[in-house]
2 protein chains.
Amino acid sequence: MMLTSDDVKRRNAVAGVNGAGAGSIQGRVISEMRRRIIAGEIEPGVNLSELALAEEFGVSRTPVREALKQLQTEGLIEIRPRVGTFVTSPSRREITELFEMKELLEGAAARLLAQRGRVPEIDQLEENLRQADRAVARDDRDRVAELVQEFHDLLIIGADNSKLEAHYRTLMNQLAYSRLVATSLSQPGRPVQSDREHHHVLELIIAKDGDSAERVMREHVRASRRALLTGLQS
Amino acid sequence: MMLTSDDVKRRNAVAGVNGAGAGSIQGRVISEMRRRIIAGEIEPGVNLSELALAEEFGVSRTPVREALKQLQTEGLIEIRPRVGTFVTSPSRREITELFEMKELLEGAAARLLAQRGRVPEIDQLEENLRQADRAVARDDRDRVAELVQEFHDLLIIGADNSKLEAHYRTLMNQLAYSRLVATSLSQPGRPVQSDREHHHVLELIIAKDGDSAERVMREHVRASRRALLTGLQS
DNA sequence: TCTCAGTTGCTTGCATGCAACAGGACGATA
DNA sequence: TATCGTCCTGTTGCATGCAAGCAACTGAGA
């Protein structure tokens, strides 16, 4: 039997980024472990033994083992043969590299979205900024963080390139970026500045000025990184 | 015990892109299967059953199963639960997306390399072009294809960003790009043109003009894609 | 007190058996 | 003949047992 690529894509659309079906035991373990690691609930340490996890999830070692293997290829954990399994945290060097990639991919997404013209994601981005303006005005930090995340997400989705999206999500997971947004936005004046930059990018996208949209988006990513690093030092 | 990120990187450097150690059974299966798929030795079909592969490699299902799982997350195969395992080939849409990513990453690599100044990779690139000039002059197609691959590889390595390199390799595997280079270069005049473009990019890199290097590199990727598509139609 | 050899516990790697399900083959029936 | 229902084969998902190796601990000896 021949497998068409459309079949593959349909399946992936259902299963999300996961390789395994979400209904399987293995799929559950993958999702849950990924969530825990990104949320920082697991201390980097040797506690991640297959047996312990299997008992906790009430399953055998096999699905746990396969789930860990996948998380390893995603770069979230490190399996050392016959030693143990560890949650990895990126080195300084890797963090720099990850931000370089973030800048690259988000910049490209802005350009691609600008080239697509008026698509639904544009409307969603406009709505996002309307809500963000209000949230910033009333200094609702949690809501602002949510909306910032959504803005970047919409941008990536709007680029309409599934490979770009998949790689982007992998990178953001490695960065545990969702945890970092709040820190970045905790810098004085950063929410307002960030909001302004979002507006600027979206204007350029709507104006179909891909080059400028990419450039401004990259500057925005760099600015947010600077805010983050400042926040982490203090 | 705490795992430092340097430890992780050291291991990855040894194991290459592979998650598993090359010495293990599983590692052998991964490498060999990946090679076969990229080389196009395996017909997309249901022949890939765990049991059959296990017998062929003389091992049990377990390591084969884990190897297939990793290849799935790399996007090379598709495992349909309780149905079978299939080699995937990208759809038209996905091929477009993959080339978009190729253009993006190679363009970025050119920019990053230009920013780094005089590094060893620059010398290697110059040597590569010297050899390429000669190979083109004597119309040695196989050698030209090799050198073209090496040029792009050196560019990526020279960008000195391990994340970029890892994602790039994944994408090229999905494209089975090594098989396509020859087709692209089979177009009349393409080897000469490609060589010229390589020279231009390298000049700009040496001149530390990152912006232009990126722009020209992206144009080069698009040109090579056009040549490839023309070659595939005929 | 320091060093080093031996031992022991814990970890993952691999093999194997059973279960559950998908999909086609085949036959009964309208 | 067309269609529906049943069975049967093949596949992967999961559970479990054993093997191999690493790391830390323990104890003896200097």
Side-chain angles (χ1 to χ4, degrees), chain A residues 1-4 7-8 10-11 14-15 18-33 42-73 76-88, chain B residues 1-4 7-8 10-11 14-15 18-33 42 44-73 77-88:
Chain A
M1 161 191 175
M2 180 66 188
L3 181 70
T4 73
D7 288 336
V8 175
R10 203 172 307 120
R11 274 188 53 80
V14 173
N18 303 345
S24 63
I25 294 178
Q26 182 183 146
R28 271 192 11 237
V29 176
I30 291 175
S31 302
E32 174 62 13
M33 291 302 296
I42 306 179
E43 289 294 308
V46 76
N47 296 332
L48 284 183
S49 94
E50 293 175 2
L51 189 60
L53 288 172
E55 287 175 355
E56 182 190 336
F57 283 99
V59 299
S60 83
R61 277 179 55 210
T62 307
V64 170
R65 182 176 173 70
E66 295 179 355
L68 292 178
K69 183 121 192 17
Q70 170 154 346
L71 293 176
Q72 180 186 41
T73 66
L76 294 178
I77 67 177
E78 169 74 10
I79 301 173
R80 291 213 253 170
R82 295 187 183 84
V83 177
T85 302
F86 310 87
V87 175
T88 60
Chain B
M1 165 195 171
M2 178 67 187
L3 182 71
T4 73
D7 288 336
V8 175
R10 204 171 308 121
R11 272 188 52 78
V14 173
N18 302 345
S24 64
I25 292 178
Q26 184 183 147
R28 273 193 10 239
V29 177
I30 291 174
S31 303
E32 174 61 13
M33 291 302 297
I42 307 180
V46 76
N47 297 333
L48 284 184
S49 94
E50 292 175 3
L51 189 60
L53 289 172
E55 287 175 355
E56 182 190 336
F57 283 98
V59 298
S60 83
R61 278 181 53 209
T62 307
V64 170
R65 184 178 170 69
E66 295 180 355
L68 291 179
K69 183 128 188 28
Q70 169 155 345
L71 294 177
Q72 180 186 40
T73 66
I77 67 177
E78 167 75 8
I79 301 173
R80 290 213 255 171
R82 295 185 184 82
V83 177
T85 302
F86 309 87
V87 175
T88 59

* To do: Assess whether side chain to side chain contact (heavy atoms under 4.5 Å, CB included) is satisfied between B/I30 and B/L71, documenting all intermediate values.
  => CA-CA 7 Å; B/I30 291 174; B/L71 294 177; 4.3 Å; yes

* To do: Show the numbers, then the answer: is there a side chain to side chain contact (heavy atoms under 4.5 Å, CB included) between A/I77 and A/M33?
  => CA-CA 10 Å; A/I77 67 177; A/M33 291 302 296; over 6 Å; no

* Let me know the distance between CZ of B/R80 and C1' of D/dG13, rounded to the nearest Å. => 17 Å

* Has B/R65 got a side-chain N or O lying under 4.0 Å from the OP1 or OP2 atom of D/dT12? -> no

* Asked: How long is the line joining CG of A/L68 and P of D/dC14, in whole Å?
  -> 14 Å

* Asked: Touch check for A/L48, heavy atoms < 4.0 angstrom, all strands: base, sugar-phosphate only, or nothing?
  -> sugar-phosphate

* For A/E43, does the CD atom have more than 12 heavy-atom neighbours from other residues, nucleotides or ligands under 6.0 Å away? -> no

* Asked: Tell me: CD of A/E55 to P of C/dC10, nearest whole Å?
  -> 12 Å

* **CA sep, side-chain torsions, deciding dist, call: B/L53, B/E56, side chain to side chain contact (heavy atoms under 4.5 Å, CB included)** => CA-CA 5 Å; B/L53 289 172; B/E56 182 190 336; 4.0 Å; yes

* Can you tell me how far P of C/dG13 sits from CD of B/Q70, to the nearest Å? -> 12 Å

* **B/V83 side chain, from C-beta outward: closest of C/dC14, D/dT12, C/dG23** => C/dG23

* Starting at the 5' end of DNA chain D, which residue's closest nucleotide do you reach first, B/T85 or A/R82? -> B/T85

* **Spacing of A/E50 atom CD relative to D/dG17 atom P, expressed in whole Å** => 16 Å

* To do: Could you state the atom-to-atom distance from CZ of A/F57 to C1' of D/dA15 in whole Å?
  => 17 Å

* For B/L53 and D/dG10, what is the distance between atoms CG and P respectively, to the nearest whole Å? -> 17 Å

* Asked: Can you tell me how far C1' of C/dG13 sits from CD1 of A/I79, to the nearest Å?
  -> 11 Å

* Contact class for A/S49 (heavy atom, under 4.0 Å): base, sugar-phosphate, or nothing? -> sugar-phosphate

* Structure fact -> Among C/dT12, D/dT12, D/dA15, the one nearest any side-chain atom of A/S60 is D/dA15

* Asked: Is the distance from OP1 or OP2 of C/dC14 to the nearest side-chain N or O of B/Q26 less than 4.0 Å?
  -> yes

* Residue whose nearest DNA chain D nucleotide is more 5′ - A/T62 or B/G84 -> B/G84

* For the side chain of A/I25, counting heavy atoms from C-beta on, which of C/dT12, D/dC14, D/dG13 is nearest? -> D/dC14

* Structure fact -> Of the candidates D/dG21, D/dG17, D/dC14, the side chain of A/R61 sits closest to D/dG17

* Would you confirm whether B/T85, through its side chain, and B/S49, through its main-chain N or O, come within 3.5 Å as a donor-acceptor pair? => no

